[in-house]
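The residues of the chain are indexed from 1 along the displayed sequence.
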Amino acid sequence: PVNWVKWYGAYAFAQYYGVDLPSEAQWEYAATGGQQLEYPTDDGTLSASKANYNGDTPGVHNAEGHSFAVGSYPANPYGLYDLAGNVWEWTADLYNEDFYGSTDNAKDPVSLLGIDGTANDPLESEGCRGGPSTVYDCNTRLKRGGSWNFHETPVRSSARNTDYVFRGNDHFGFRVVGSTKKPKKPKKASAEVTGGNAVVLSWQDRSNNEATFEVECKATDGWKSVARTYPNAESVAFDVEADTSYVCRVRAANAKASSGWKKTRFTT
């Protein structure tokens, strides 16, 4: 598998191809194989013949210490390979310890707020510290599945792990999810001018299968792309020209198709 991948690299790949990083809930659903498997292997048990893990312990398993080619171990009941071990897999969610206690059984919930209550991903220059054995002091993103050099505990289907978006190494990778259905058109688009040329465009999300929302605007010339968002978003901020009247539109999109556009007008 590809490794040395930071979160933004994984996200950029997914956006380019019109797919998405799995939510943490989606990843765990896939890992349990429809059978509530304790480990995301072919039968829910873990051994050296079922997954690439514990590779930094010579004499125990894979003493060479590296990732193996995708498909080197049996698939899980959904036909998915290497959910257990090999490389960690980034998900879409920001880490919040209490997130699953507040989702009210929502379908495919995605945590959009991190440990400090914001949606901000930190920059490496901000001096964020912590992990993996100490407490993080800035927002992090979830990764799942363990890796070739970790022991069996983080390989469990239910195990949660987290790291900064600016970190990547030889045991960080990712997988993507897509949809076979066209997403629904967003509703109630509106724009708020927050400065001379600063705008916040808002809408109501009616889909649960979009990979992104695309925003385009035009004044006197043709449509121009001004923003793309994370899935499940309902607003985005961007800059346009001051003292200008605009028509902007937003639509949901995934690898299968795009919804219709929802338009709104405003003047800066």
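A salt bridge is defined here as a Lys NZ or Arg NE, NH1 or NH2 lying under 4.0 Å from an Asp or Glu carboxylate O, and E24 with R160 meets this definition. With respect to E89 and K143, no salt bridge is recorded, no charged nitrogen being found less than 4.0 Å from a carboxylate O. Between K50 and D43 there is a salt bridge, with a side-chain nitrogen of the basic residue lying less than 4.0 Å from a carboxylate oxygen of the acidic one.
Below 30°, between 30° and 60°, or above 60°: for Y246 and F266 the angle between ring planes is below 30°, a parallel geometry. Relative ring orientation between Y11 and W7 is described as parallel, the plane-to-plane angle staying below 30° on a 0-90° scale split at 30° and 60°. Ring geometry for W88 against F150 counts as perpendicular: the plane angle is over 60°, on a 0 to 90° scale with 30° as the lower cut.
In plain terms, the two heavy atoms of P122 and C128 that are nearest each other are CB-SG, 3.4 Å. Taking each heavy atom of V19 and A211 in turn, the nearest pair found is O-CB, 3.0 Å. When all heavy atoms are compared, the tightest approach of V155 to L46 is CG1-CD1, 4.0 Å. Of all the heavy atoms in P183 and N254, the pair that sits closest is CD-ND2, 3.4 Å. When all heavy atoms of S72 and A69 are compared, the closest pair comes out as OG-O, 2.6 Å. Contact between P40 and W27 at its shortest, heavy atoms only, is CG-CH2, 4.4 Å.
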For this session: Take T267 and S245 through the side-chain hydrogen bond (donor to acceptor under 3.5 Å, both in side chains) test and state the conclusion after the steps.
Result: CA-CA 4 Å; T267 301; S245 294; 2.9 Å; yes
For this session: Begin with the C-alpha distance, continue with both residues' side-chain angles, and end with the deciding distance and a verdict on side-chain contact (heavy atoms from CB on, under 4.5 Å) for E28 and R144.
Result: CA-CA 8 Å; E28 188 166 328; R144 302 292 295 262; 2.8 Å; yes
For this session: Let me see the working for K6 and Y164 under side-chain contact (heavy atoms from CB on, under 4.5 Å), right down to the final yes or no.
Result: CA-CA 8 Å; K6 300 177 183 180; Y164 291 125; over 6 Å; no
For this session: Give the C-alpha distance, both sets of side-chain angles, the deciding distance and a yes or no for side-chain contact (heavy atoms from CB on, under 4.5 Å) between Y53 and Y39.
Result: CA-CA 12 Å; Y53 71 104; Y39 294 97; over 6 Å; no
For this session: Please lay out, stage by stage, how R251 and S258 fare under the test side-chain contact (heavy atoms from CB on, under 4.5 Å).
Result: CA-CA 7 Å; R251 69 179 179 182; S258 299; 3.8 Å; yes
For this session: Test W90 against F172 for ring pair (Phe, Tyr, Trp, His ring centres under 6.0 Å), laying out the working first.
Result: CA-CA 8 Å; W90 287 112; F172 282 21; 5.5 Å; yes
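To the nearest 0.5 Å, atom CG of residue N161 and atom OH of residue Y95 are 9.5 Å apart. Atoms CG and CD1, from D98 and I115 in turn, are 12.0 Å apart once rounded to the nearest 0.5 Å. One finds the OG1 atom of T153 at 5.0 Å from the NE2 atom of H151 (value rounded to the nearest 0.5 Å). For the atom pair CZ of F213 and OG of S235, the computed distance is 10.5 Å after rounding to the nearest 0.5 Å. The OG atom of S158 sits 11.5 Å away from atom CG of L37, with the distance rounded to the nearest 0.5 Å. One finds the SG atom of C248 at 12.0 Å from the NZ atom of K224 (value rounded to the nearest 0.5 Å).
In this structure a side-chain-to-backbone donor-acceptor pair under 3.5 Å is missing from R206 to K187. The backbone N or O of A106 lies less than 3.5 Å from no partner atom in the side chain of D104, so there is not a single donor-acceptor pair. Side chain of T41 to main chain of T45: a donor-acceptor pair is present (N/O by atom type, distance under 3.5 Å, no hydrogens or angles). Judged by distance alone, with hydrogens and angles left aside, the side-chain atoms of N86 form no donor-acceptor pair with the main-chain N or O of S147 at under 3.5 Å. Side-chain N or O atoms of N139 include one that pairs as donor or acceptor with a backbone N or O of N120 at under 3.5 Å.
A donor-acceptor pair shorter than 3.5 Å can be found between the side chains of T212 and Q15. Between the side chains of D108 and N208, no donor N or O sits under 3.5 Å from an acceptor N or O. Side chains of D42 and N76: no donor on one and acceptor on the other come within 3.5 Å. Side-chain atoms of D170 and S67 form no donor-acceptor pair, as typed in the model, at a separation below 3.5 Å. At a cut-off of 3.5 Å, with distance as the only test, no side-chain donor of T244 or T268 sits close to an acceptor on the other residue.
Residues F166 and L123 have side chains not in contact (no heavy-atom distance under 4.5 Å, counting atoms from C-beta outward). Here the side chains of N197 and E241 are not in contact, with every heavy-atom distance at 4.5 Å or above. Proximity of Y73 to F68: side-chain heavy atoms (C-beta onward) are separated by under 4.5 Å at one or more points. Residues L83 and R175 have side chains in contact (heavy-atom distance under 4.5 Å, counting atoms from C-beta outward). Residues S207 and S259 fail the side-chain proximity criterion, which asks for heavy atoms closer than 4.5 Å. Side chains of V200 and T194 form a contact here, defined as non-hydrogen atoms less than 4.5 Å apart. Contact annotation: the side chain of P231 approaches that of E210 to within less than 4.5 Å [non-hydrogen atoms, C-beta and beyond]. Between N52 and D82, every side-chain heavy-atom pair lies at or beyond the 4.5 Å cut-off.
Within 6.0 Å of atom CG in N105, 12 or fewer heavy atoms from other residues, nucleotides or ligands are found, so the atom counts as exposed in its surroundings. For Q35, the CD atom sits in a packed shell: over 12 heavy atoms of surrounding residues, nucleotides or ligands are nearer than 6.0 Å. Environment of OH in Y100: crowded, with over 12 heavy atoms of neighbouring residues, nucleotides or ligands closer than 6.0 Å. The neighbour count for Y136 OH, taken as heavy atoms of other residues, nucleotides or ligands under 6.0 Å away, is above 12.
Under the 4.5 Å side-chain contact rule for hydrophobic residues, W148 and W4 do not share a cluster. Both Y17 and L21 belong to a common hydrophobic cluster when Ile, Leu, Val, Met, Phe, Trp and Tyr are linked at side-chain heavy-atom distances under 4.5 angstrom. Connection of W203 to V226 is established within a shared hydrophobic cluster, with ILVMFWY side chains joined at heavy-atom distances below 4.5 Å, either directly or through further cluster members. A single hydrophobic cluster is seen to contain both V250 and V193, as judged by linkage of ILVMFWY side chains at heavy-atom distances under 4.5 Å, directly or through other members.
Geometrically, R141 engages Y230 in a cation-pi contact, judged by NZ or CZ lying under 6.0 Å from the ring centre and within 45° of the ring axis. Figure legend: R249 and W223 shown as a cation-pi pair, the cationic atom lying under 6.0 angstrom from the six-membered ring centre and within 45 degrees of its axis.
Under the side chain to side chain contact (heavy atoms under 4.5 Å, CB included) rule, V110 has a single partner from T91, L94, D93, T103, which is D93.
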